[in-house]
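Everything below concerns the one structure shown next.
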Amino acid sequence: MPSYTLNVNGVERPVNVSAADMPLLWVLRDVLNLTGTKYGCGIEVCGACTVMVNGEPQKSCDMDVSSAVGKRIVTIEGLSPDRSHPAQKAWIAHQVPQCGYCQSGMLMATACAMQAGHHGSSIASELNNVCVCGTYQRIKSAVTAL
């Protein structure tokens with residue numbers, strides 16, 4: 001059984017997995033019990049599984065655990081312990097979530113854009129995550145405020 005050490009939310013975490021090509025998504029959810037990262041489509045389209053890897057947005061359903069070794073991974077649980085990240089505050093202020101399923105991926109993609117120095121409408125134009133509830137207007141309103 002392959003064993004790896006991953007840096008997740010600033011903590012070195014040992015993981016034992018069934019295969020080196022196990023998607024990072026399943027390692028986060030099933031091995032590390034970090035269930036904020038969601039499974040949506042499994043084919044790198046919807047973005048529900050987006051996490052931050054070395055400061056960049058990464059769809060974790062399409063990244064093997066072996067490829068994540070030596071990289072800094074941040075999940076929604078590690079974005080801020082108390083919802084104080086500006087993107088989280090904007091989401092709350094603009095009442096973005098409806099069902100909320102896609103929101104962790106949207107927030108992580110937004111946080112990555114912010115970390116890259118992008119603001120407002122430029123963030124809105126970069127987001128390509130899918131929301132089945134259709135809260136796109138509230139999402140646009142929230143990111144435009146950043």
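Not a single side chain to side chain donor-acceptor pair (under 3.5 Å) links Gln115 to another residue, sequence neighbours left out. Residues satisfying the side-chain contact (heavy atoms from CB on, under 4.5 Å) criterion with Val132, sequence neighbours excluded, are absent altogether. For Asn33, there are no side chain to side chain donor-acceptor pair (under 3.5 Å) partners two or more places apart in sequence or in a different chain.
Residues Met108 and Pro57 fail the side-chain proximity criterion, which asks for heavy atoms closer than 4.5 Å. Contact annotation: the side chain of Arg72 never approaches that of Met52 to less than 4.5 Å [non-hydrogen atoms, C-beta and beyond]. Contact of the Arg13 side chain with the Thr5 side chain is not registered, since no non-hydrogen atoms from C-beta on lie closer than 4.5 Å.
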Enumerate donor-acceptor pairs with a distance under 3.5 Å from any side-chain N or O in residues 136-146 to protein atoms, sequence neighbours excluded.
unit_1, atom_1, unit_2, atom_2, d
Tyr136, OH, Cys131, N, 2.7
Tyr136, OH, Cys131, O, 3.3
Arg138, NH1, Gln95, O, 2.9
Ser141, OG, His94, ND1, 2.8
Thr144, OG1, Lys140, O, 2.6

Run the side-chain contact (heavy atoms from CB on, under 4.5 Å) test on Gln58 and Thr50 for me, step by step, so that the C-alpha distance in whole Å, both residues' side-chain angles and the decisive distance to 0.1 Å come before the verdict.
CA-CA 5 Å; Gln58 173 68 49; Thr50 303; over 6 Å; no
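Listed by first and then second residue, the ring-ring contact (aromatic ring centres under 6.0 Å, His included) pairs involving residues 71-90 amount to none (not counting sequence neighbours).
The other members of the hydrophobic cluster of Leu25, by chain and number, are Tyr4, Leu6, Val8, Val15, Val17, Met22, Leu24, Trp26, Val27, Leu28, Val31, Leu32, Leu34, Tyr39, Val51, Val53, Met63, Val65, Val69, Ile73, Tyr101 (side-chain heavy atoms under 4.5 Å, ILVMFWY only).
One finds the NZ atom of Lys38 at 12.5 Å from the SG atom of Cys46 (value rounded to the nearest 0.5 Å).
Distance alone, capped at 3.5 Å, places no donor-acceptor pair between the Asn54 side chain and the Lys71 backbone.
Using a 3.5 Å distance cut-off with no hydrogens or angles, the side chains of Asp21 and Ser66 do not pair a donor with an acceptor.
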